[in-house]
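Here is the structure we will look at, set down as structure tokens.
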Amino acid sequence: MSLEQLPHGQMPEFHEEECEHAFYQAKWPTGFRCPRCGCSAYYRISSRGRRLFECRSCAHQTSLTAGTILEGTRTPLVKWFQALFLMQIGISAKLLAERILVTYKTAWLINHKLRHAIQVLDEASPLAGDLQVYGNFYAGPTTSWPSDPLAPQEQPVIVGASSDPDTGELTAVKIKRMPAAGFARRVFDLESIGGFVWRHAADAKSRTRNIEVVKVNDGFGVTELGGIWRGVIRWLARTFGGIGPKHLQAYLDEYCFRLNVRADAQETLLSLCGSTNTITQPELVGKDRHVRPIRWTGIAGRRKPRLRGAEVC
């Protein structure tokens, strides 16, 4: 999707009071709750130009954005709502800065805070039912200055999807970067697939799963999961010029988020902004998102999933 193909055409006009009301509903869907004592009664007060909520019971003061991913932001809510709208297509920080008139640093921080909220949702939403699994490698440009500023590094990736057992239709998709150290032979084996299932599928710890391994070259053209993976590669190349390994997982989660929530992306993002705990810029910058080795054989007393297909290579 391009900017011209956004839902409802042009970006809508947002107003500060309307944004405050919408964010209030996202943060407190059942009404105000004091973060200290849980009381629902409050006064609206102003202090140094800031609008605050003061608890009538314990006199604790809190702001609308306190405790959320917007905590500490100096960016007006209107610009955050514009960014939420544009996240429906997946927009680069450079283009976002131009569209909502903020600095590149601010746009980068907004985008990555939204991606962090998406990842929180992803971790709470494991795949369920029968699974399809597809393996491939992503080679995006990475910065390794000063020796080779555009040295490509292949990153092993597993695309997994829940499928309806009756229709075979995909119901949810996850794409996860795997530890590169375990793929020297460029083969996706039982251990790597088992690690993916163990972390990202519901009930993986308690019972055998029915898993279909979809090969990269199966002789029948591009599979549905293969088509999804090709879409990811095109989007990363067209929008960002490729992504290095450090933040690759954040972008993969963002892409899957749009696939899974479809038309409800903006409303879901707003709800996530109101419910996701604060994360700071240093935490975002220093985060290598969830890339760690997982050995299926190291889990004692658990049954391995049942696989159809030998390996994905």
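Every heavy atom of this structure was used, including side-chain atoms; hydrogens, water molecules and symmetry mates were not. Numbering of residues begins at 1 and proceeds along the displayed sequence.
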What closest approach, in Å, do [X] and [Y] show between heavy atoms, and which atom pair accounts for it?
| X | Y | result |
| --- | --- | --- |
| Y24 | Y42 | OH-OH, 3.7 Å |
| A265 | Q88 | CB-CG, 4.1 Å |
| H116 | N277 | NE2-O, 4.4 Å |

Less than 3.5 Å apart, any donor N or O on the side chain of [X] or [Y] sitting next to an acceptor on the other?
| X | Y | result |
| --- | --- | --- |
| N136 | Y134 | yes |
| Q155 | R177 | yes |
| T268 | S271 | no |
| T68 | E71 | no |

Check: [X] side chain, [Y] main-chain N or O, donor-acceptor pair, under 3.5 Å:
| X | Y | result |
| --- | --- | --- |
| N260 | C256 | yes |
| S57 | C39 | no |
| K246 | V285 | yes |

- request: Find out whether the Lys NZ or Arg CZ of R230 is both under 6.0 angstrom from the six-membered ring centre of W235 and within 45° of the ring's axis.
  value: no
Any [X] side-chain heavy atom under 4.5 Å of [Y] side chain:
| X | Y | result |
| --- | --- | --- |
| K113 | W80 | yes |
| L270 | F81 | yes |
| L84 | C273 | yes |
| D130 | D164 | no |

message: Between the side chains of R115 and D253, is the shortest nitrogen-to-carboxylate-oxygen separation below 4.0 Å, so that they form an ion pair?
response: no
task: May I ask you to decide whether E54 forms a salt bridge with R44, counting only side-chain N to carboxylate O separations under 4.0 Å?
output: no
- request: Could you give me the CA-CA distance, side-chain angles and deciding distance for Y43 and R56, then say whether side-chain contact (heavy atoms from CB on, under 4.5 Å) is met?
  value: CA-CA 7 Å; Y43 301 103; R56 291 192 179 189; 3.3 Å; yes
